[in-house]
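Order of listing sets the numbers, starting from 1, for every ligand and every atom in it. Only a predicted model underlies this, so the values are computations on that prediction, with no experimental measurement involved. Side-chain atoms are counted along with the backbone in the values below, which use heavy atoms only and exclude waters and symmetry mates.
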Amino acid sequence: MKEAIIMAGIEGHPRTGWIEVICGPMFSGKTEELIRRLKRAQIAKQKVAIFKPKLDNRYDATKIVSHSHSEIHSIVIEKPAEILHHAIFAQVIGIDEAQFFSNDLIDIVTRLASAGKRVIIAGLDKDYRSTPFEPIPQLLAEAEYITKTLAICMRCGAPANFTQRLTPSKDRVLIGATDIYEARCRHCYEAPVNEEEK
Ligand code: ADP
Ligand code: MG
Ligand code: ZN
């Protein structure tokens with residue numbers, strides 16, 4: 001099988017691989033934290049490969065950028081399997097906006113970790129309806145290390161675990177930033193109406 005050959009060629013120490021997941025609502029610093037960990041690995045001269053889904057077109061296609069404007073070079077891919085081709089020699093693999101990938105990502109990152117890679121994944125754990133956003137929940141179950149990031153509620157200043165959509169669109173994926181979304185705490189979050197249309 002083609003993929004088996006690719007995996008056999010992957011460099012790494014099978015006892016060193018693991019999965020880290022950084023998750024939380026929008027504006028909670030997931031990308032910032034991902035970039036911080038990847039830059040530290042680069043400083044230590046580790047080989048790093050960073051991926052993001054093609055869908056995320058908020059910023060330049062060749063880098064991941066946080067809302068606070070820190071950035072790092074990245075490779076844009078459409079399908080999780082593409083990571084296998086690009087990450088053969090990487091020791092550390094970063095993946096941003098992982099909620100936009102299919103569930104195929106679960107198997108791919110599990111195999112990379114088993115092959116000795118450190119895989120760091122950042123993504124939304126819930127959508128704007130506060131519903132779990134696959135494949136992040138499944139990745140949390142696979143991960144050795146989990147970091148939950150919180151933003152600050154734009155209404156009251158409390159820790160915010162919810163992404164409030166400010167427009168009536170019902171598409172699960174609607175790319176935007178502070179123009180369409182706001183961080184909210186449990187008490188200030190208002191669940192979208194028309195739930196029966198879900
Ligand atoms: P994420 O990847 O989780 O969406 P980023 O790492 O891209 O988050 O951005 C985090 C940055 O967003 C913060 O450092 C801050 O500059 C900015 N920001 C904007 N709105 C908020 C908010 N409500 N709470 C916290 N940070 C916010
Ligand atoms: Mg982000
Ligand atoms: Zn609040």
Novice: Just verifying a value: how many Å separate Ile64 CD1 and Ile35 CD1, rounded to the nearest 0.5 Å?
Specialist: 4.5 Å
Novice: Determine yes or no for a side-chain-to-main-chain donor-acceptor pair under 3.5 angstrom, with Gln99 supplying the side chain and Gly123 the backbone.
Specialist: no
Novice: Which of the numbered atoms in ligand 1 are below 4.0 angstrom from a heavy atom of Ser66?
Specialist: 5 (P), 6 (O), 7 (O)
Novice: Do the side chains of Ile136 and Leu124 get nearer than 4.5 Å, heavy atoms only?
Specialist: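 No, too far: nothing below the 4.5 Å cut-off.
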Novice: More than 12 heavy atoms of other residues, nucleotides or ligands under 6.0 Å from CZ of Arg186: is that the case?
Specialist: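 No, not enclosed.
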Novice: Under a 4.0 Å heavy-atom limit, does Pro25 contact ligand 1 with its side chain, its backbone, both, or neither?
Specialist: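 Only the backbone of Pro25 comes within reach of ligand 1.
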Novice: What's within reach of the Zn ion (ligand 3), meaning protein N/O/S atoms under 2.8 Å?
Specialist: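 Listed by chain and number: Cys153 SG, Cys156 SG, Cys185 SG, Cys188 SG.
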Novice: With a sphere of 6.0 Å drawn around NZ of Lys79, does it hold more than 12 non-hydrogen atoms of other residues, nucleotides or ligands?
Specialist: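 No, because the 6.0 Å sphere around NZ of Lys79 holds 12 heavy atoms or fewer from other groups.
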Novice: Ser28 versus ligand 1: do any nitrogen or oxygen atoms come within less than 3.5 Å of each other?
Specialist: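 Such a contact does occur with ligand 1.
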Novice: Indicate yes or no: at least one non-hydrogen side-chain atom of Leu38 is less than 4.5 angstrom from one of Arg40.
Specialist: no
Novice: Report yes if some heavy atom in the side chain of Ile77 is under 4.5 Å from a heavy atom in the side chain of His86; otherwise report no.
Specialist: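 When only atoms from C-beta onward are counted, His86 and Ile77 do touch, with a gap below 4.5 Å.
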Novice: Which one holds for Ala183 and ligand 1: side chain close, backbone close, both close, or neither close, with close meaning a heavy atom under 4.0 Å?
Specialist: side chain
Novice: Heavy atoms only: which of Met26, Arg36, Glu32, His67 is nearest to atom 13 (C) of ligand 1?
Specialist: Glu32
Novice: Between Met154 and ligand 1, which part of the residue brings a heavy atom under 4.0 Å of the ligand: side chain, backbone, both or neither?
Specialist: side chain
Novice: Under a 4.0 angstrom heavy-atom cut-off, which atoms of ligand 1 come close to Ala151?
Specialist: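 Answer, ordered by atom number: 24 (N).
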Novice: Under 2.8 Å from the Mg ion (ligand 2), is there any N, O or S atom belonging to Thr31?
Specialist: yes
Novice: Knowing that exactly one of Glu182, Glu190, Arg184, Arg155 qualifies, which makes a side chain to side chain donor-acceptor pair (under 3.5 Å) with Gln164?
Specialist: Arg184
Novice: Quick check: Ile152 and ligand 1, any N/O pair under 3.5 Å apart?
Specialist: yes
Novice: Of the listed options (Gly29, Ala160, Cys23), which comes nearest to atom 10 (C) of ligand 1 when hydrogens are ignored and any heavy atom counts?
Specialist: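 The option holding the nearest heavy atom is Gly29.
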Novice: Taking a cutoff of less than 4.0 Å between a non-hydrogen atom of the residue and any ligand atom, is Gly24 in contact with ligand 1?
Specialist: no
Novice: Counting C-beta onward and ignoring hydrogens, is there a side-chain heavy-atom pair between Tyr181 and Arg165 closer than 4.5 Å?
Specialist: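 Of all side-chain heavy-atom pairs linking Arg165 with Tyr181, at least one is under 4.5 Å.
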Novice: Flag yes if more than 12 heavy atoms outside Arg36 fall under 6.0 Å of its CZ atom; otherwise flag no.
Specialist: yes
Novice: Output yes when a side-chain donor or acceptor of Asp179 lies under 3.5 Å from a complementary backbone atom of Ala177, and no otherwise.
Specialist: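 Present.
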